[in-house]
Engineer: 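I am attaching a structure below and will ask some questions about it afterwards.
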Amino acid sequence: MAKAKVQFVCNACGAIAPKWNGQCPECGAWNALHETVVTPSSRTGGYAGVQSNVQRLSEISAQELPRVSSGTEELDRVLGGGLIPGAVILLGGDPGIGKSTLLLQNAIDVSTRLSTLYVTGEESPQQVSLRAHRLHSGNNEVRILAETRCEAILDIAQTEKPKMMVIDSIQTMYSEQLQSAPGSVAQVRECTAQLVRFAKANETTIFLVGHVTKEGTLAGPRVLEHMVDTVLYFEGDPGSRFRIVRAIKNRFGAVNELGVFAMTERGLREVTNPSSIFLSRHERPVSGSVIMVTREGTRPMLVELQALVDESPLAQPRRVTLGLEQNRLAMLLAVLHRHGGIQMYNQDVYVNVVGGVRVAETGSDLPLVLAVLSSFRDKPVAPDWVVFGEIGLAGEIRPVQNGEERLREAAKHGFKRAIVPAANAPRRAIDGLEVVAVSRLQEALDHWR
Ligand code: TYD
Ligand code: MG
C-alpha cells in the first residue's frame, strides 16, 4: 500500500510544517506539532459538487433509536438503555481494572443475538480463550481477530460485517499511513477516525478500550473524547472488588449514570442494589467518619466520608482529597472558620470517600464538614446518622435534589437520624427516621455538640 502524504500541524495555532520540530516555527509553542494525514480535497470546482440538502427540523422523523441489550443491565443503564447501531463507545480505565473482562463478557452475551467481532491487539487468541473459559461462558459465537493494523481490521470487518465490534485496545492499533508509533496521539486519533467512519457507514456498534495515561487522561489531552459518541470510565479502588462504570459523555443518554460490578473468580458480577456496599462498617463509633446519601444518576447510594485532621509540621498544611474536589475542601474550611469560628490553619486535612467512589455533587458539603470536625475534636458522629446538604459561602445550608428519596433510602438501611437542609425536610414523617432540619451551619454544629 502506498504511503499517504503526511504533514505536521500545530495544535496551538494550526500552522503546517513538512517536518517534525520540537517547537512550532510559527507560534513558538513547544511540543505542539502532530503528525496528520493529508487528505486530498474532494471538492471540484467551487460549490458546484455539493450534494447535501437542507431539511426542515420538524419534518425529520424522530424515531426512538432501536436498542439492543449489551448483556448486563448495569451497562445498559449507563449507556442510556442499551447498544445503538453505529454508536462508538470509549471505555477508559486504569490497566488491570477489568475492561477486557467486561467487554469479553458482554461480547459473549451479545454474540447470540448479533454478529460480534472481538479484535485483540494486546493478548493472543489463546489468552482471550482462557479468559472466556474462566468466565464459564457457554456456547458463544464471538469471532476473534488478533490484529493491530487498522486498515487490515477494517478490510476484514467489511467482509465479516459484525454488528458489534470490540477494539482492545485503541492504543495498540496503528495506521500504515502514519510513521509515528502506536499509542501516539496522531495514531490514536487517525485509527479512531477510521473506526468511527466505519461504524457510521455500517451501523456497527464499536467499543474502544482506552488506557488511562499517568496524567489521568486518555492517550494525550482528551483527543478521543470528542470523536466518539459515548465516553465511559471504569474505576474502582484496586484493593476493593467493586468496580464502577461511569458515563462522562453520552450522546444517547444521561451522564453521571453509574453501573456497579463486583470482580469475582468468574468475571464481573452485576451489583443491582449497590446502596450500602461502600460503607466500611466499624465495630464501634470512630471519629472522622460520616455517612451520607448521595445520588448518582437515578439511584440514591450510601457512601462513607472519612477525614483525618492532624497537626501539621509544614508552613503550608496539606489539603488532600480522594474522591472529592480539593477546592471545595479549601472553601469549606474557610466557611468553617468564618461561620463556625473553628481554625485549622495549622492542621493537615485529609479526606477520602470509602471504596474508591467519587462524589461529584454539592450534597457532600455538610457531611464533609462534620467528618473534618469530628476528627479534629476526636469525637465520633453516631454511626446510625446520615447527613447531606450543600453549604453556601454565607454559612447557609442549601437543599439538594431528591431529598425525600435519599431519606427513604437511609431509613431502609436502618439509619435512625438524619441531618438535612431545612428545605429537604419531608412533608410526612418517615418511619423510624428522626429528621433534623437545619438552615445554618451553626445549627448543624449545635445539634452534634
Ligand atoms: P482485565 O480485564 O484484563 O483488565 P484490563 O483489560 O482493564 O487491563 O482484568 C484483569 C484483572 O481482573 C486481573 O487482575 C484478574 C482479574 N480477574 C478476576 O479476578 N476474575 C476473572 O474472572 C477475570 C477474567 C479477571
Ligand atoms: Mg485488557
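First listed ligand is number 1; within each ligand, the first listed atom is number 1.
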Engineer: Looking only at protein heavy atoms, identify the closest one to atom 15 (C) of ligand 1 and say how far it is in Å.
Structural biologist: R134 NH1, 4.4 Å
Engineer: Nearest protein heavy-atom contact for atom 17 (N) of ligand 1: which residue, which atom, what distance?
Structural biologist: M263 SD, 3.7 Å
Engineer: Between E361 and R406 (salt bridge meaning N to carboxylate O under 4.0 Å), is one present in this structure?
Structural biologist: yes
Engineer: Salt bridge or not for E405 and R408, using N-O below 4.0 Å?
Structural biologist: no
Engineer: Does T264 have a non-hydrogen atom less than 4.0 Å from ligand 1?
Structural biologist: yes
Engineer: Flag E265 as yes when one of its N or O atoms lies below 3.5 Å from any N or O atom of ligand 1, and as no otherwise.
Structural biologist: yes
Engineer: For M331, give me all partners under side chain to side chain contact (heavy atoms under 4.5 Å, CB included), at least two apart in sequence or on another chain.
Structural biologist: R328, L393
Engineer: Considering only residues two or more places apart or on different chains, which pairs with a residue in residues 155-164 satisfy side-chain hydrogen bond (donor to acceptor under 3.5 Å, both in side chains)?
Structural biologist: R143-E160
Engineer: Does ligand 1 come near enough to G267 that some N or O of the ligand is less than 3.5 Å from an N or O of the residue?
Structural biologist: yes
Engineer: Counting only heavy atoms, tell me which of A262, S169, G98 gets closest to atom 4 (O) of ligand 1.
Structural biologist: G98
Engineer: State the atoms of ligand 1, each with its element, that fall below the 4.0 Å cut-off from a heavy-atom position in R266.
Structural biologist: 22 (O)
Engineer: When you measure from the heavy atoms of G93 to every atom of ligand 1, does any distance fall below 4.0 Å?
Structural biologist: no
Engineer: Do S100 and D168 pair up side chain to side chain, a donor and an acceptor below 3.5 Å, judged on atom types alone?
Structural biologist: yes
Engineer: Should we count CD of Q23 as having more than 12 external heavy atoms under 6.0 Å?
Structural biologist: yes
Engineer: Hey, which atoms in ligand 1 end up nearer than 4.0 Å to a heavy atom of P95?
Structural biologist: 8 (O)
Engineer: Heavy-atom pairs closer than 4.0 Å: do any link ligand 1 to the side chain of S100, the backbone, both, or neither?
Structural biologist: both
Engineer: Between R251 and D229, is the closest basic N to carboxylate O distance under 4.0 Å?
Structural biologist: yes
Engineer: Which option, L104, L130, T101, L91, owns the non-hydrogen atom nearest atom 1 (P) of ligand 1?
Structural biologist: T101
Engineer: Could you work out, for atom 3 (O) of ligand 1, the closest of R131, K99, R241 by heavy-atom distance?
Structural biologist: R131
Engineer: Does a donor on one side chain and an acceptor on the other come within less than 3.5 Å for N250 and T230?
Structural biologist: yes
Engineer: Can you tell me if an N/O/S atom from S100 lies under 2.8 Å from the Mg ion (ligand 2)?
Structural biologist: yes
Engineer: Identify which of A132, G96, G92 has a heavy atom lying nearest to atom 14 (O) of ligand 1.
Structural biologist: G96
Engineer: I'd like to know whether CD of Q401 has more than 12 heavy-atom contacts from other residues, nucleotides or ligands below 6.0 angstrom.
Structural biologist: no
